[in-house]
A.B. asks: 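Let me give you the structure first, and then I'll get to my questions.
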There are 2 protein chains.
Amino acid sequence: MRIHRAGLHQDTASYGMELEPSYTMLEFDSLRPLPEEAELVVPGPAPSLPPSSGSSLCSICADKATGKHYGAASCDGCKGFFRRSVRKNHAYTCRFNRQCVVDKDKRNQCRYCRLRKCFRAGMRKEAVQNERDRISCRRDGQGLGTLSISMLLQAEASTHQLLSSVGGIHCDTGMKKVAHVGDVCESMKQQLLLLVEWAKRIPEFCELPVDDRVSLLRAHSAEHLILGVARRSLPYNDIILLGNDFIIPVNGPEMEVSKVAARILEELVRPLRELDVTDMEFACLKAIIFFAPDCPGLENPQAVRQVRFQAQVLLDEATYEQRGRFGELLLMLPPLQSVAWQMVEQLQLVRLLGEASVDTLLQEMLLGEGVARAGAAAGPGASAGGGAATGQGAQLKGPEQGSNTEVFSFMSSGDPAMACGPLGAQEVLPNQFISVILPVPNSLPDLPLVPTQTGTEVYRPRQDPGMAQEMPSSMPIPPMHRCL
Amino acid sequence: MRIHRAGLHQDTASYGMELEPSYTMLEFDSLRPLPEEAELVVPGPAPSLPPSSGSSLCSICADKATGKHYGAASCDGCKGFFRRSVRKNHAYTCRFNRQCVVDKDKRNQCRYCRLRKCFRAGMRKEAVQNERDRISCRRDGQGLGTLSISMLLQAEASTHQLLSSVGGIHCDTGMKKVAHVGDVCESMKQQLLLLVEWAKRIPEFCELPVDDRVSLLRAHSAEHLILGVARRSLPYNDIILLGNDFIIPVNGPEMEVSKVAARILEELVRPLRELDVTDMEFACLKAIIFFAPDCPGLENPQAVRQVRFQAQVLLDEATYEQRGRFGELLLMLPPLQSVAWQMVEQLQLVRLLGEASVDTLLQEMLLGEGVARAGAAAGPGASAGGGAATGQGAQLKGPEQGSNTEVFSFMSSGDPAMACGPLGAQEVLPNQFISVILPVPNSLPDLPLVPTQTGTEVYRPRQDPGMAQEMPSSMPIPPMHRCL
DNA sequence: CGGACTCGGTCAAAGGTCTT
DNA sequence: GAAGACCTTTGACCGAGTCC
C-alpha cells in the first residue's frame, strides 16, 4: 500500500540506540531506522547488482528480499519473524552483548538482535495487523443445535415422494377435477397423515414426551394444511391445488370454500410467489410453525422453544443474501394463522351440516376434539399460562380449568331442524362441549354448503386438556396416538 | 490499507494488537445511528469540513465510505470484498457464533459475518457484473425509504408523554385499583385515541388516502392495545397494568378478563421480558403490525407493504448483533394476534351482556362495526382478495360480496333468556350481522361477566367494507374520521 | 462538455498455510 | 513451538462508461 507516509514521522535524534537492559520489546519502540548505508552489512561495493535492484536484498539479513514488509525491504523470513514477534509480543534476550551479527546464516542465532535490526531497518509494529479469518476451507456445519437444513429437506422429501407419484407432473389445470367437500376432507386427511410422518422424521420431535408430540401435532395442523396447499398452488393462477390432485377454483360453486381459496391465493400464494420461496425456506417455515412453544399443555415448552429458535436461525441464515427476506417470510405467519382459522370454521360447519363425513383424525387434529390424551400432564406446566378460554381455537388453547362437561349445542335461527340433524350422525364424545352458530341463510341457500352469502362463521371451542386426567384409561385410543 | 495511519495514534503498551477476546461477544451498541441519519443530522453547517461533508460512513464497517457500491454505502474494502465473494461464489463459515462485530478494525476477522452484513446493508449479488458492460439501470432508488427509527421513537415518545404524566412512577402494585369492565373500556378508548395520534405523526401514514388510513387504524387496533398493555406490564408480575393506571390481576374477580390477562402475561410479557425488548424494538414492532398490507379494502396495499418492509428492515438492523433476536421478535406476532382476538371476543361479550357502555370508537376500531366509510374504494382493488367471510374478524377481513343484511342472532342452550336480553340495550346497526354464541353457564355463573368457566367464545363478523358504496352520504361521520 | 457516480481492474503488501 | 517458502486476500488507486 502506498500510505507509508507514516514513515515521515521523524524523530531526528536517536539512532544511537542505547542498549537498555530491559528485555521487553518495548525498548525497540524508540528505535529509529538508521540510514540504510550505515546499516547494510555489505555496505560499500555491492559487487554485482545492488544499484539496479535496490529492493532485492533484505535490509535485515541481506538475504533476497521479497518486497517491502512493514516498512522495510526484507525477506520472507524476517517478515514472518517480525510479524510473529509483534503478534505474540515476544520478549527476547541477547545472551551476549547485543552486538550479534545478523545475516542470512546467523539470523536465527539471536532473536533479540534480529528484532532490533528489524526495527532499525524501518519496520514498524503498527504495520502488523490483527489476526484475520482463516483461509482454509474447513466446512463446519451449523454450530447451533442439532437441527439442520438437510434433515428438514429430507423429511420434506420423504413425505413428498408419496405425493409426487400420485400427482404426477401435469400442470394442466383443465385436466383436474373440481373438488367437492368430500374430496377436500379426504385431501386434508392425507396431508395430516403426511404431517405426522414428517414430524416423526425429525429427531427433535421424537425426543419429546408423547403428550407434547400430540400437542404439537394438533396445535397448528391447520396452518400446515394451508401452507402446503399454498405451496402446491404456486404455479397456478386462480386455483388451489389439493394434495389429491383436485382443484378448488376461486370462482367455484361452493362459495364459502372458494372464499378461503381466494384468501389463500391473495394473502399467501401471491406474496410467496413474489418472494419465489425455495424448498429450503419452506422447510424452515414448516418447522418454525410446528415447534410452537405457546402450544397449550406442553410439558416442556422450553425444549420446543429451543427447536423453534434453531429453525428460525436456520431460515435466517438461508435467506441472508436478500435483505428483508427473512422478515417477509416470517410475516407470512399471521395471515397464515388467520386463513387457517377460517378454514377450520368451514370444516366445523361442514361437519355440522353433515355435508361430509369428517374423519376422526380431522376431528382430533383440526377441530381439537376427540379423545383428549394430550395435555394429561399439563398440570403444573400450564400454570399461569394457557388460561384464556381462547375462542376460535386460537393456537388450540384450551382452558385448563374449564368445565369438563361439554355438550354439543347448535342452533340456527333460520332452520332449527339443522341443529340436531348432523349431531346424531357423529360420535359425541363424553365431556365434550361444542357450540356452533350458523349463519342465517338470507338470500340464496341453493348451494348445500353455503347457507348464506355472507361470512360463514363457526365457533369452535377446544377440549379441555386437563380433563384427560379424570378419564378412564380404558377409553379408546385417539387416532393420532395410534400413528405415533 | 489504512493500518498505516494507525501509526498516528500512539499505541500504549500493547503493540502486539492481539485479538480482543471479546470481539465475538455481543455488543449492544444499538444506539448507533444509522448512516442515513448521520447524513441527515448534519445537513447544512459543515463548511469547515469538506472532506467529511459529502462522504458518509460505510454501512458495513463504519469506515469512510467511497460511495454506494452494489446497493449500499460502503468503503473500498467492503466493496472489493463483496465483489470477490460474489464472483468466486465463496461460502464462508463463521468460526464463532455468527454474531461477530464487523467494524473498521475487526472486519477481516470473520468473512462470514462480514459478507452477511454486506447483504444486510443492502448489497445485492445482481449488482456485481462480470464483464465490462455497464448496465444502465442505475438510480436504483433509495434502497430504503424514509422511515427512520428516530421518527418512530419520536412518535412513540410524543404519545407517551400524556401517559407518563398520568401514570407517574409508582410501581407499587398495591396502590393501584383493580379495573372493572368500565375501566377497561375507558382505558382502551384512551389508548385507541393515542394510537390515532401516534399514526398521525408518521409521515408515511399521512400520505396514504384517507380510506386506507382508516382501514389501517381499524385493522390491528386490538393488537396494538395488547402490545401496549404487555409493554406496560413488563415490570410487574401477575398483573396487567392498564393505561389509566388500573390493574388487572391474573386471579382477579372477573375470570374471563383475567384469562386474557393470563395469556398476555404468559405468551407476551414473559418472552418480551426474557428478550429485554428495547424501546426501539417496540417502536419497530408497532409499525410492522400497523402497516399490514393484508388489511382488507386497501386502496394501495403495495404502499403499505413497502412501509412495513422498511419497518422490518429497521428492526432487523437494530437487532442484528444478537443472533436470532429479530426472528424471536417477529414470532411474537402470531400469539399477539391470537390474544388480541380473544380480547375482542370478550369485548363483544361485554357489550352484548350490557356490562358496560362500549364507546362508538371502540365499536368502530375494535369491533369493526359502526359506520363503514373505509373500504369505500375497495371495488377493483380487492378483486381477487378479501373474499372469505372471515369468521372471528380475522384481520378485519370483510366479505366484499357478502350480504348487506346482517342481523343479530344469539343463542345459548343454557339460558335462553340471555339471548335476547342485552340485544335490546344496544344499537343494532343497519345491515349489520352479528352472531354470538355464549358459553353455557354450567357451574358457577356467579360473576356477571363470566357465564361459564369454560372458554368464552364469541363470534365476531365484520362489516362489509363494500356496502358503504350504497350508503347515503348524509350518514353520520364515524368517530375515527373525525379524528383524522 | 464535464463533473459526480459507480462499475471493473490492478498489484503492493498485508494475511495465512504448511512442511521442516 | 519456530522458521520460512509459498500462496491468498485485502484495499487504495485508477480508468471507463453513464447520467445529470
Side-chain angles (χ1 to χ4, degrees), chain A residues 1-7 55 58 60-61 63-88 90 92 104-111 114-115 118 122-138, chain B residues 1-6 17 19 53-56 58 60-61 63-88 90 92 95 104-111 114-115 118 123-124 126-140 143:
Chain A
M1 317 269 158
R2 359 209 123 128
I3 322 281
H4 306 297
R5 302 167 191 127
S55 61
C58 174
I60 290 98
C61 69
D63 194 0
K64 186 184 178 189
T66 60
K68 289 188 75 172
H69 301 291
Y70 311 113
S74 54
C75 64
D76 270 336
C78 291
K79 166 195 166 191
F81 170 77
F82 187 76
R83 180 177 56 211
R84 283 190 294 271
S85 300
V86 171
R87 284 257 181 84
K88 298 186 176 179
H90 271 313
Y92 305 126
K104 185 176 185 303
D105 295 329
K106 300 190 264 299
R107 62 190 178 198
N108 281 320
Q109 288 179 0
C110 180
R111 290 179 178 138
R114 186 184 191 184
L115 182 59
C118 285
M123 285 191 175
R124 294 165 303 106
K125 57 179 167 38
E126 295 83 11
V128 176
Q129 303 175 359
N130 283 335
E131 205 174 340
R132 284 187 185 173
D133 199 6
R134 303 270 173 255
I135 290 179
S136 60
C137 306
R138 293 184 309 161
Chain B
M1 307 213 173
R2 42 184 75 88
I3 296 97
H4 307 304
R5 300 192 186 109
M17 307 186 267
L19 278 185
S53 63
S55 62
S56 56
C58 172
I60 291 101
C61 69
D63 195 359
K64 187 185 170 190
T66 61
K68 286 189 76 173
H69 301 292
Y70 312 115
S74 54
C75 62
D76 270 336
C78 290
K79 167 198 166 189
F81 171 76
F82 186 78
R83 183 181 57 220
R84 286 190 300 270
S85 299
V86 171
R87 286 257 180 81
K88 295 178 161 181
H90 267 312
Y92 304 124
R95 293 174 293 160
K104 182 177 180 302
D105 294 327
K106 298 191 262 298
R107 63 187 176 201
N108 279 318
Q109 287 175 5
C110 180
R111 284 132 89 220
R114 187 184 192 183
L115 182 60
C118 285
M123 284 191 174
R124 293 169 299 106
E126 303 76 41
V128 176
Q129 305 159 2
N130 228 342
E131 299 179 13
R132 275 247 186 213
D133 41 41
R134 306 258 348 136
I135 296 177
S136 62
C137 59
R138 286 179 49 178
R139 278 296 156 260
D140 197 18

A.B. asks: Could you tell me whether the side chain of B:R95 reaches within less than 4.5 Å of the side chain of A:R134, counting heavy atoms only?
C.D. replies: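 Counting from C-beta outward, A:R134 and B:R95 do come under 4.5 Å.
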
A.B. asks: Using atom CE of B:M123 as one end and atom P of C:dC7 as the other, report the distance to the nearest whole Å.
C.D. replies: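 Distance check: B:M123 CE to C:dC7 P gives 9 Å.
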
A.B. asks: CD of B:Q129 versus P of D:dG17: gap in Å, rounded?
C.D. replies: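 Answer to the nearest Å: 13 Å.
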
A.B. asks: Please list, for nucleotides 17-20 of chain C, all pairs of protein and nucleotide N/O atoms separated by less than 3.5 Å.
C.D. replies:
unit_1: C:dT17; atom_1: OP1; unit_2: A:I135; atom_2: N; d: 3.3
unit_1: C:dT17; atom_1: OP1; unit_2: A:S136; atom_2: N; d: 3.4

A.B. asks: At less than 4.0 Å, is any side-chain N or O atom of B:Y70 found next to OP1 or OP2 of C:dC5? Yes or no.
C.D. replies: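 No, B:Y70 has no side-chain N/O under 4.0 Å of OP1/OP2 on C:dC5.
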
A.B. asks: Rounded to the Å, how far apart are B:D105 CG and C:dA14 P?
C.D. replies: 17 Å

A.B. asks: A:R87 has a side chain; which of D:dA3, C:dG15, D:dC13 sits nearest to it?
C.D. replies: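 For the A:R87 side chain, the nearest candidate turns out to be C:dG15.
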
A.B. asks: Measuring to OP1 and OP2 of D:dG11, would you say a side-chain N or O of B:R107 lies under 4.0 angstrom away?
C.D. replies: yes

A.B. asks: For A:Q129, run the side chain to side chain donor-acceptor pair (under 3.5 Å) check against A:E126, A:E131, A:R132 and tell me which one passes.
C.D. replies: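 Per the side chain to side chain donor-acceptor pair (under 3.5 Å) rule, the option paired with A:Q129 is A:R132, out of A:E126, A:E131, A:R132.
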
A.B. asks: Going by side-chain hydrogen bond (donor to acceptor under 3.5 Å, both in side chains), name the residues that satisfy it together with A:D63, two or more places apart in sequence or in a different chain.
C.D. replies: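 Testing A:D63 for side-chain hydrogen bond (donor to acceptor under 3.5 Å, both in side chains), a comparison that skips the adjacent residues, returns A:R107.
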
A.B. asks: Answer with base, sugar-phosphate or nothing: what part of the nucleic acid does B:G67 contact at a heavy-atom distance below 4.0 Å?
C.D. replies: sugar-phosphate

A.B. asks: Suppose we screen for side-chain hydrogen bond (donor to acceptor under 3.5 Å, both in side chains). Which residues come up paired with A:K106, at least two apart in sequence or across chains?
C.D. replies: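 If we apply the side-chain hydrogen bond (donor to acceptor under 3.5 Å, both in side chains) test to A:K106, skipping adjacent residues, the hits are A:D103.
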
A.B. asks: What's A:G80 touching, base or sugar-phosphate or nothing? Going by heavy atoms closer than 4.0 Å.
C.D. replies: nothing

A.B. asks: In whole angstrom, what separates A:L115's CG from D:dA2's C1'?
C.D. replies: 14 Å

A.B. asks: What pairs with A:F82 under ring-ring contact (aromatic ring centres under 6.0 Å, His included), at least two apart in sequence or on another chain?
C.D. replies: A:Y70, A:F119

A.B. asks: For A:H69 and D:dG4, give me the distance from atom NE2 to atom P, rounded to whole Å.
C.D. replies: 13 Å

A.B. asks: Would you please name every residue forming a side-chain hydrogen bond (donor to acceptor under 3.5 Å, both in side chains) with B:S85, sequence neighbours left out?
C.D. replies: B:Y92

A.B. asks: Rounded to the nearest 0.5 Å, how far does CD1 of B:I60 lie from NE2 of B:H69?
C.D. replies: 9.5 Å

A.B. asks: By nearest atom, which of the nucleotides C:dG15, D:dA2, D:dT10 is closest to the B:N108 side chain?
C.D. replies: D:dT10

A.B. asks: Counting side-chain heavy atoms from C-beta on, which of D:dC6, D:dC13, C:dG15 comes nearest to A:K79?
C.D. replies: C:dG15

A.B. asks: Give a yes/no answer on whether the side chain of A:K88 brings an N or O atom under 4.0 Å of OP1 or OP2 in D:dA2.
C.D. replies: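 So the side-chain polar atoms of A:K88 do come within 4.0 Å of the phosphate oxygens OP1 or OP2 of D:dA2, strictly under.
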
A.B. asks: Give a yes/no answer on whether the side chain of B:R114 brings an N or O atom under 4.0 Å of OP1 or OP2 in D:dG11.
C.D. replies: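 Affirmative; the distance criterion is met.
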
A.B. asks: The side chain of A:E131 lies closest to which of these nucleotides: C:dG15, C:dG16, C:dC7?
C.D. replies: C:dG16

A.B. asks: Nearest whole angstrom, please: distance from the C1' of C:dC11 to the CG of B:D76.
C.D. replies: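 Value for this atom pair: 14 Å.
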
A.B. asks: Could you pull out all residues at least two apart from B:R114 that satisfy side-chain hydrogen bond (donor to acceptor under 3.5 Å, both in side chains)?
C.D. replies: B:N108

A.B. asks: In this structure, how many angstroms lie between the P atom of C:dG16 and the CD atom of B:Q109, rounded?
C.D. replies: 10 Å

A.B. asks: Taking only the side-chain heavy atoms of B:K68 (C-beta and beyond), determine which of C:dG16, C:dA14, C:dT6 contains the nearest atom.
C.D. replies: C:dT6

A.B. asks: In whole angstrom, what separates B:R111's CZ from C:dG16's P?
C.D. replies: 11 Å

A.B. asks: Looking at B:H90, does any N or O in its side chain come under 4.0 Å of the phosphate oxygens OP1/OP2 on D:dT9?
C.D. replies: yes

